[in-house]
Amino acid sequence: MALLNFGGVEEHVITREEFPLKKAQEVLKNETIAVIGYGVQGPGQALNLRDNGFNVIVGQRKNSKTWDKAKNDGWVPGETLFDIEEACEKGTILQYLLSDAGQISLWATVKKHLTKGKALYFSHGFGITYKERTGIIPPDDVDVILVAPKGSGTSLRRMFLEGRGLNSSYAIFQDATGKAKERVSALGIGVGSGYLFQTDFRKEVFSDLTGERGTLMGAIQGIFAAQYEVLRSNGHSPSEAFNETVEELTQSLMPLVAENGMDWMYANCSTTAQRGALDWWKKFRDASKPVFEELYSEVAAGNEAQRSIDSNSQDDYREKLEEELKELRDSEMWQAGATVRKLRPENN
């Protein structure tokens, strides 16, 4: 393992140098990896594993949109694409990549195929961490492991095709075979991770739920909306408000942060921008920190998980979701965004 030092805090990570693809292929040479679910994470992980030379099959509901998507991606019915139950029977490693609600509803089907020595793989700690609420309690004689890419399945696949890797966390909940560490390391490299950092199922889901509701999605949308509305209410045009709120951040500044960090981005902006950012960032921290503390407490108490379970398991969830997404899509800010994106040079 590589050793990282964060100001005195040491952390071990698994890199491609110490665990190369060839080693991962050797570890899993006798395994059949069954990717169960072909929605958000399934396609990226399955395709990357296939392209990396692993024995992969996909399990998905027949006659569904995702079944058709899998066929369009080259998975062959009866050879590499099967009904979920048949894939579970054939697989020695079951990558359980259905939605959290889907995992709950299909658990009885999957569990009966978890025979001794198999591995149950997650990319989210939800089902195991909140097992009293989800009912997902694996048998004692199977490995239970996790690889959680820090991004969407689309990003995982895109970066793989570009020759890059998306960083992932990994965890072992249950090592029944003595091979769980090798299995999870090989799978993490196989799906296209840049490197793997260790966590546990509980920490993964706590950080993930906080991040999704916070700076990754919820908080950033809230901040975007607040700044955009203030600019518009003070007479700025939709184009100007969107460019100053979203476009410059995503297209110009965030790539600089990703390249070398926030301090480097500050150093490469105007002195006026530097001064203002340095003067105001702590005010934003102090204003938002109580909200993040409340959010983390709700996650840790299981309340966010229960809200997700209650909402996502309802029959009309998809219809209600579409209504909420439509509210975002039809807002002036994101309508302005659609127009601005069309004007980017690569789209002309």
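On a predicted model such as this, the values are computed, not experimentally measured, just so you know.
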>> Classify the ring geometry of F206 against Y130: parallel below 30°, tilted from 30° to 60°, perpendicular beyond 60°.
In response: parallel

>> Do E248 and N243 pair up side chain to side chain, a donor and an acceptor below 3.5 Å, judged on atom types alone?
In response: no

>> So for atom CZ, which belongs to R61, do other residues, nucleotides or ligands contribute more than 12 heavy atoms lying within a distance under 6.0 Å?
In response: no

> Looking at side-chain heavy atoms only, is the closest gap between K71 and P77 below 4.5 Å?
Replying inline: yes

>> Would F242 and W334 count as a ring-ring contact (aromatic ring centres under 6.0 Å, His included) here? Give the steps.
In response: CA-CA 8 Å; F242 185 83; W334 290 112; 5.6 Å; yes

>> Looking at L97, is its backbone amide N or carbonyl O close enough to the side chain of Q103 to form a donor-acceptor pair, meaning the two atoms are under 3.5 Å apart?
In response: no

> Looking only at side chains, do T199 and S169 share a donor and an acceptor under 3.5 Å apart?
Replying inline: no

>> I'd like to know whether E85 forms a side-chain contact (heavy atoms from CB on, under 4.5 Å) with H113, so could you lay out the CA-CA distance, the side-chain angles of the two residues, the decisive distance to 0.1 Å, and finally the verdict.
In response: CA-CA 8 Å; E85 187 154 4; H113 295 290; 3.1 Å; yes

> Which residue, D73, D68, T66, forms the side-chain hydrogen bond (donor to acceptor under 3.5 Å, both in side chains) with Y38?
Replying inline: D73

> Taking all atoms of both residues into account, what is the closest heavy-atom pair of G188 and S193, and its distance?
Replying inline: O-OG, 2.7 Å

>> I'd like to know if R307 pairs up with E304 as an ion pair, taking the criterion as any Lys NZ or Arg NE/NH1/NH2 lying under 4.0 Å from an Asp or Glu carboxylate oxygen.
In response: yes

> Can N30 and N55 be said to form a side-chain contact (heavy atoms from CB on, under 4.5 Å), step by step?
Replying inline: CA-CA 8 Å; N30 296 320; N55 181 24; over 6 Å; no

> Between V147 and S123, what is the shortest heavy-atom contact and its length?
Replying inline: O-OG, 2.7 Å

> Does R329 pair with E322 as a salt bridge, N-O distance under 4.0 Å?
Replying inline: yes

> Between E244 and Y228, do the side chains contain an N or O donor and an N or O acceptor separated by less than 3.5 Å?
Replying inline: no

> Would you call R183-E31 a salt bridge at under 4.0 Å N-O?
Replying inline: yes

> How far apart are the C-alpha atoms of L321 and R318, what are their side-chain angles, what is the distance that settles it, and do they pass the side-chain contact (heavy atoms from CB on, under 4.5 Å) test?
Replying inline: CA-CA 5 Å; L321 171 66; R318 291 293 174 186; 3.8 Å; yes

> Do D143 and Y121 have a side chain donor and acceptor closer than 3.5 Å?
Replying inline: no

> Is it true that E247 and R341 make a salt bridge, defined as a side-chain N closer than 4.0 Å to a carboxylate O?
Replying inline: no

> Are the charged groups of K326 and E323 less than 4.0 angstrom apart, N to O?
Replying inline: no

> Centre of W75's six-membered ring, under 6.0 Å away, within 45 degrees of the axis: is that where NZ or CZ of R50 sits?
Replying inline: yes

> Are D279 and R275 close enough for a salt bridge, meaning some N to O gap below 4.0 Å?
Replying inline: yes

> Is the CZ atom of R232 crowded by more than 12 outside heavy atoms at less than 6.0 Å?
Replying inline: yes

> Which is it for Q314 and D310 under the side-chain hydrogen bond (donor to acceptor under 3.5 Å, both in side chains) test, yes or no, and what are the steps along the way?
Replying inline: CA-CA 7 Å; Q314 296 195 8; D310 293 343; over 6 Å; no

> So does M254 have more than 12 non-hydrogen atoms from other groups sitting under 6.0 Å from CE?
Replying inline: yes

> How close do S152 and Q41 get, heavy atom to heavy atom, and via which atoms?
Replying inline: C-NE2, 3.7 Å

> Honestly, is K23 close enough over F19, meaning NZ or CZ under 6.0 Å from the six-membered ring centre and within 45° of the axis?
Replying inline: yes

> Quick check: does any side chain N or O of Q60 sit under 3.5 Å from a backbone N or O of I36, one acting as donor and the other as acceptor?
Replying inline: no

>> Between H124 and L146, is there a side-chain heavy-atom distance shorter than 4.5 Å?
In response: no

